[in-house]
Amino acid sequence: MSGPMFADIIVDISHEKLDRTFQYLVPENLQKNIRIGSVVQIPFGRSNRATKGYVVGLSEQAQFDPGRTKEVGALLTDMAQLSGEDRLVALAAWMRDTYGSTMIQALRTVIPVRKRMEKRVQKSIALKMDSVQAKESLAIFCRKNQRARVRLLTALLEEQEIPYELVTGKLNISLATIRALEEQQILEIRSRSVYRNPLDAGKLSRQGERNVTLNEEQRRTVEGIWREWQETHRRVSLIYGVTGSGKTEVYMELIARTIEQGKQAIVLIPEIALTYQTVMRFYHRFGDRISIIHSRLSAGERYDQFERAARGEIDVMIGPRSALFIPFPRLGVIIMDEEHEPSYQSETMPRYHTREVAIRRAELEDARVILGSATPSLEAYSRALRGEYGLYKLERRARSSALPQVEITDMREELRRGNRSILSEELQKKMETALQKKRQIMLFLNRRGYSGFLSCRSCGHVICCPHCDVSLSVHRGSRLICHYCGHEEPRPSKCPSCGSELLSGFGIGTEQVEETVKTYFPQARVLRMDMDTTRKKDGHEKILSAFANHEADILIGTQMIVKGHDFPEVTLVGILAADISLHASDYRASERTFQLLTQAAGRAGRGEHAGEVVIQTYDPEHYAVQAAASQDYDRFYEEEISYRMLGGYPPDRQMLSVHGSCLQEIHLQTAMEYLRRFAQKISEKREIQIFGPAPESIAKLQDAYRMVLYLKARKRQSLIEMKNLLEKYIEINDGYKTVNIQFDMND
Ligand code: ADP
Ligand code: ZN
Ligand code: ZN
């Protein structure tokens, strides 16, 4: 570039107002190497103090008088010189580049805690004089019959220091008394700032849990991964271990060794699996050196966990995808449990995938990554097969001898035989036996991308949301609700289209399953876990612990009950409507179905008693259902990968989706069409295929119309370049002012 170049620079990223940038001139010799995300040295303030800054934008236009704009001093490029925070900024820059967002959005994701929170203060009262003097004072108070003073001083003589709340509470001492003794120099009030700790130490205990000795497979995995870490450059290992094979024990052993080397570990788990049970296992092994972070913590609690990590006061941080950005001083390993889970895909800009960002962070910090799953994503498994990741298999369960027996029942056959119930005869029989033996049962209702809607039996009209292109769901029998925008209306008695009264609900919900179960098995104790019953804080935890304590015989739920729970008394799992998720409209529908069915089936027979599973389906021949029933991941993988290759989908190809939304339909169509033409022009020499634009599967949401354009290529880099050009095109064209465009890589 020949003309002048300007950089927008953030000086202090620990500042609340991240968007406060300063413009600097980039000297010619730095123009070639400076990037968004670069760390630079700049003269700052009146005194032109040399200060570190981060480049968040580059342009050719000066905001102010270019003659008076200061110059960037130097570019700091040596990784070894960069602090942990600098590396997180570099990570943000990489995310911005890969997934498309502003640098500010990326920084907000990576350094989420901006606002300085006040420390929590703990007050106490302490004795200020030696015990001889104190006893003299005590004698005086006794003689004067000053009972409160006697009570307080006696307690202080015993304890030396007492928490403030205890003094005013249990000892019932007034503020006036405390003040009086403070003035007499008998005691002092101390305050100490402490970190908020989300783990309630009173509730947790390190006792009671047995220590396990790793079995042969687990040992081989630990030693194999450990050897690779010491000897090779391979950074990522995939542990493919069947449900209940003891992956967590393997993680913990590798974490313990990492800590011994003075390094720290991040353990990522899907938010819904972050239960008391999981935390307990880590606490039992590592005690107060662990902490957790998740969305239900208060801002203060979250802030303090970042502080504790940065200061090296903890070694292990457990949490969902946002825990990936914990600023440990010497990050040693990132573990990603249930690596295949959809919740690892971010829904907000930048729409990153946790697996990719974890690996990138590990590269920047010279750390390692472990991916674990019983149903690995196609992306991870194909890379492992190619040797890009180390591959370790745990093929046996750690506690019980066998995987559960799985049976498929064909619901079309049930109908033909006149059984119109939600429960097949087979499942009913097995439930009866299990209940007689006092075992526990889980009924899993597959409702991914699906909800019970209302339709007219005469004309086929389906009642839809007026703001979104989706059907309304029947709720508690009498209301209709849109799960996307919250629109609510009473259930009509007549069809709004033809006036017929033959309106009926389609499909089933968890409430209906519960009713059915109660009529068949009136003596059984039933718990239901869904959006309704878990809305309250801890609702989720309460249901799970009640079930774990065998306070109920049957647990009914949606996908939230399949994640990572370990209930040894469950011997029977029933999967209702197994195939519904097959009909979702994305290329991952079969993969998601296979994962859900396998994980749900994996809940059965984890303890001493053998497990049984009944999969109820209308599509018994489908390979995802068949492979899940035989618990055969490799078979599923073979079928699915060849389908992906045929269709040109990831992981065979890379795919960039460009989502557009706008309140005016015509305007959106034009805007998307122009994007396609622009993409067409630049795609010719890049071997990028273009599909669409087409309406999204939900073509209207909250009154905005939605369309999507797909771009496919062999190389990720060509799509990133394409995205950058599209971003520029959108930025300079006024036609996109009212159109919201978002990019999605492989999702
Ligand atoms: P996964 O995460 O692979 O589903 P877990 O780590 O939850 O499996 O282990 C399943 C159960 O087996 C847990 O109750 C765990 O305590 C137990 N377990 C794991 N490894 C061993 C072992 N080596 N010996 C005995 N029990 C084990
Ligand atoms: Zn009708
Ligand atoms: Zn709606």
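Order of appearance sets the numbers: ligands from 1, and atoms from 1 within every ligand.
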Let me confirm one number: the [atom1]-[atom2] distance from [X] to [Y], rounded to the nearest 0.5 Å.
{"X": "Gln599", "Y": "Leu597", "atom1": "CD", "atom2": "CG", "result": "10.5 Å"}
{"X": "Thr598", "Y": "Phe636", "atom1": "OG1", "atom2": "CZ", "result": "8.5 Å"}
{"X": "Arg383", "Y": "Leu391", "atom1": "CZ", "atom2": "CG", "result": "14.5 Å"}

Give the contacting part of [X] toward ligand 1: side chain, backbone, both or neither, where contact means a heavy-atom distance below 4.0 Å.
{"X": "Thr213", "result": "backbone"}
{"X": "Gln218", "result": "side chain"}
{"X": "Leu214", "result": "backbone"}

* Using the salt bridge (Lys or Arg N to Asp or Glu O under 4.0 Å) rule, take Glu379 and Arg588 through it: C-alpha gap first, then chi angles, then the decisive distance, then the call. => CA-CA 11 Å; Glu379 282 84 351; Arg588 286 202 178 92; 3.0 Å; yes
> Going by distance only, is there an N or O of Gly244 that falls short of 3.5 Å from an N or O of ligand 1?
Replying inline: yes
Closest non-hydrogen contact found for Pro376 with Tyr633 is O-OH, 2.8 Å
Query raised in the report: Taking both backbone and side chain into account, is any N, O or S atom of His487 nearer than 2.8 Å to the Zn ion (ligand 3)?
Result: no
Please could you name the atoms of ligand 1 that [X] approaches to less than 4.0 Å, counting only its heavy atoms?
{"X": "Gly246", "value": "1 (P), 3 (O), 5 (P), 6 (O), 8 (O), 9 (O), 19 (C)"}
{"X": "Asn215", "value": "23 (N)"}
{"X": "Thr248", "value": "2 (O), 6 (O)"}
{"X": "Ala398", "value": "12 (O), 18 (N), 19 (C), 20 (N), 21 (C), 27 (C)"}

* Asked: Under a heavy-atom criterion of less than 4.0 Å, does Gly241 contact ligand 1?
  -> no
Ligand 1 contact by Arg281, heavy-atom criterion under 4.0 angstrom = yes
Q. Would a 4.5 Å heavy-atom cut-off, applied to side chains only, mark Arg603 and Arg606 as touching?
A. yes
Between the main-chain N or O of Met336 and the side-chain N or O of Glu339, is there a donor-acceptor pair closer than 3.5 Å? no
Handout entry: Main-chain N/O of Glu551 paired with Asn549 side-chain donor or acceptor, under 3.5 Å
Key = no
